Amino acid sequence: MNAPCARCKKTVYPVEKLNCLDKVWHKGCFTCNVCNLKLTMKTYKGYNKEPYCQPHYPTTKHTAVADTPENKRLAKQTANQSNIVYHKDHQQNLAKFSQVADTPAMETSKRNQLNASQINYTQKAPTAVPQNPSPGQQYMEPEDYNPEQELESALGSVWRGAVQPSGGYEPPPQPAAQAPPAASGPRYMALYDYTAADDDEVSFMEGDKIVNVTVIDDGWMEGMVERTGQHGMLPSNYVEAC
């Protein structure tokens with residue numbers, strides 16, 4: 001019994017029979033499955049047991065898949081774990097770093113910040129320590145110095161070393177101390193301790209009276225510390241009118 005043709009489903013006789021792709025064809029029915037181009041045993045290409053010409057032969061194509069958040073996370077994690085990428089980024093970051101030397105303006109700013117610290121003022125008192133004190137020299141804090149007491153001790157040592165006359169010795173009268181110039185204008189009282197940062201500034205302690213005040217601007221004024229007699233510039237936010 002003769003088998004039917006795979007294309008036209010009619011009986012195929014031995015004279016026009018063509019066996020290919022596990023099927024039986026008429027020689028005239030063995031054409032491309034897309035364009036019906038007549039094929040031969042040398043020109044056909046089979047795919048899923050169907051004949052195709054060279055231009056219409058199905059080819060395997062990659063399917064484009066959109067990057068999902070999970071795929072992006074995995075790709076980023078893989079790149080971060082790569083030692084090559086890490087080394088490259090490290091070298092680029094090192095090339096961007098540049099060391100900047102401290103300028104005089106930066107040094108002045110640092111010094112002003114240290115002077116503005118309340119902890120600095122409470123820990124440091126305005127003292128003058130001699131560079132090379134002589135042997136036997138006793139150093140005295142400024143607040144402990146009393147010129148009258150020093151004068152009395154010097155006169156006493158002279159009196160004890162001198163020969164006293166029979167009629168007794170009376171020390172010469174001491175000249176009266178000159179009174180400081182009378183203060184003019186409003187008086188101010190220091191609220192905090194302040195250490196001078198420049199030569200034209202004046203140091204004072206909490207509770208000191210400031211007289212002969214001249215306001216320069218909103219932040220600074222010029223006046224004299226009544227306790228020490230020093231005259232110079234001082235910050236106006238460290239004092240208040242009294």
Side-chain angles (χ1 to χ4, degrees), residues 1-124 192 194-198 201 216-220 235-238:
M1 181 178 180
N2 297 324
C5 175
R7 180 77 66 192
C8 63
K9 307 301 182 182
K10 295 181 180 180
T11 302
V12 179
Y13 295 99
V15 179
E16 53 185 1
K17 183 177 181 180
L18 179 65
N19 292 326
C20 186
L21 299 176
D22 297 333
K23 295 179 181 180
V24 178
W25 310 80
H26 288 109
K27 292 181 180 180
C29 293
F30 191 64
T31 60
C32 175
N33 202 27
V34 176
C35 61
N36 290 326
L37 177 67
K38 187 174 181 179
L39 303 174
T40 62
M41 296 297 293
K42 294 182 180 181
T43 58
Y44 87 95
K45 283 183 172 294
Y47 183 80
N48 287 338
K49 295 185 178 180
E50 293 292 338
Y52 293 91
C53 62
Q54 181 69 28
H56 295 105
Y57 178 73
T59 56
T60 304
K61 297 180 180 180
H62 297 284
T63 304
V65 180
D67 288 338
T68 61
E70 181 65 17
N71 290 340
K72 292 181 178 180
R73 186 188 67 81
L74 293 176
K76 184 177 180 180
Q77 183 177 1
T78 303
N80 290 337
Q81 292 177 351
S82 174
N83 189 29
I84 299 176
V85 175
Y86 170 79
H87 184 71
K88 180 180 179 181
D89 294 342
H90 180 65
Q91 293 297 332
Q92 291 179 354
N93 292 334
L94 288 179
K96 296 177 182 178
F97 175 76
S98 59
Q99 185 176 3
V100 180
D102 290 341
T103 60
M106 294 178 62
E107 294 291 341
T108 304
S109 177
K110 291 180 181 179
R111 186 178 61 182
N112 293 337
Q113 289 177 1
L114 292 177
N115 292 334
S117 173
Q118 183 64 22
I119 301 176
N120 241 5
Y121 297 142
T122 55
Q123 291 180 351
K124 294 182 180 180
Y192 316 101
Y194 180 74
T195 304
D198 291 328
E201 297 180 8
I216 299 176
D217 54 23
D218 294 339
W220 291 90
S236 57
N237 57 347
Y238 278 68

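Nothing fancy with the numbering, it's 1 onward along the sequence. For clarity, every value in this text was computed on a predicted model and none was experimentally measured.
With values rounded to the nearest 0.5 angstrom, Cys32 atom SG is found 12.5 Å from Lys45 atom NZ. Atom OG of Ser236 and atom CD1 of Ile216 lie 9.5 Å apart (nearest 0.5 Å). If you take CG on Leu18 and SG on Cys5, they are separated by 9.0 Å, rounding to the nearest 0.5 Å. Rounded to the nearest 0.5 angstrom, Leu37 CG and His56 NE2 are separated by 9.0 Å. Here Tyr47 contributes atom OH and Tyr52 contributes atom OH; the two are 8.0 Å apart, rounded to the nearest 0.5 Å. For the atom pair OG1 (Thr108) and CG (Asp198), the distance works out to 8.0 Å, reported to the nearest 0.5 Å.
Side chains of Cys20 and Met41 form a contact here, defined as non-hydrogen atoms less than 4.5 Å apart. Using a 4.5 Å heavy-atom cutoff, the side chains of Pro14 and Asn2 are in contact. Inter-residue side-chain proximity for Pro4 and Thr11 is flagged as unmet; no heavy-atom pair is nearer than 4.5 Å.
Residues that satisfy the side-chain contact (heavy atoms from CB on, under 4.5 Å) test with Lys110, not counting sequence neighbours, are Asp102. Applying the side-chain contact (heavy atoms from CB on, under 4.5 Å) test to Ala197 and every residue at least two apart in sequence or in another chain returns Asn115, Glu201. Residues satisfying the salt bridge (Lys or Arg N to Asp or Glu O under 4.0 Å) criterion with Lys38, sequence neighbours excluded, are absent altogether. Residues forming a salt bridge (Lys or Arg N to Asp or Glu O under 4.0 Å) with Glu70 (at least two apart in sequence, or on another chain): Arg73.
Ring centroids of Phe30 and Tyr44 are separated by less than 6.0 Å, placing the two rings close together.
Nearest heavy-atom pair across Val24 and Ala3 is CG2-CB, 4.1 Å. Pairing each heavy atom of Gly46 with each of Leu21, the nearest pair is CA-CD2, 4.1 Å. Here the closest non-hydrogen pair linking Thr43 and Thr40 is OG1-N, 2.9 Å.
Residue pairs meeting the side-chain hydrogen bond (donor to acceptor under 3.5 Å, both in side chains) criterion with at least one member in residues 22-31, sequence neighbours excluded: Glu16-His26, Lys23-Glu50. Within the structure, salt bridge (charged side-chain N to carboxylate O under 4.0 Å, His left out) contacts touching residues 2-11 (residues at least two apart or in different chains) do not occur.
Residues Ser109 and Asn112 bring no donor and acceptor atom of their side chains to less than 3.5 Å of each other.
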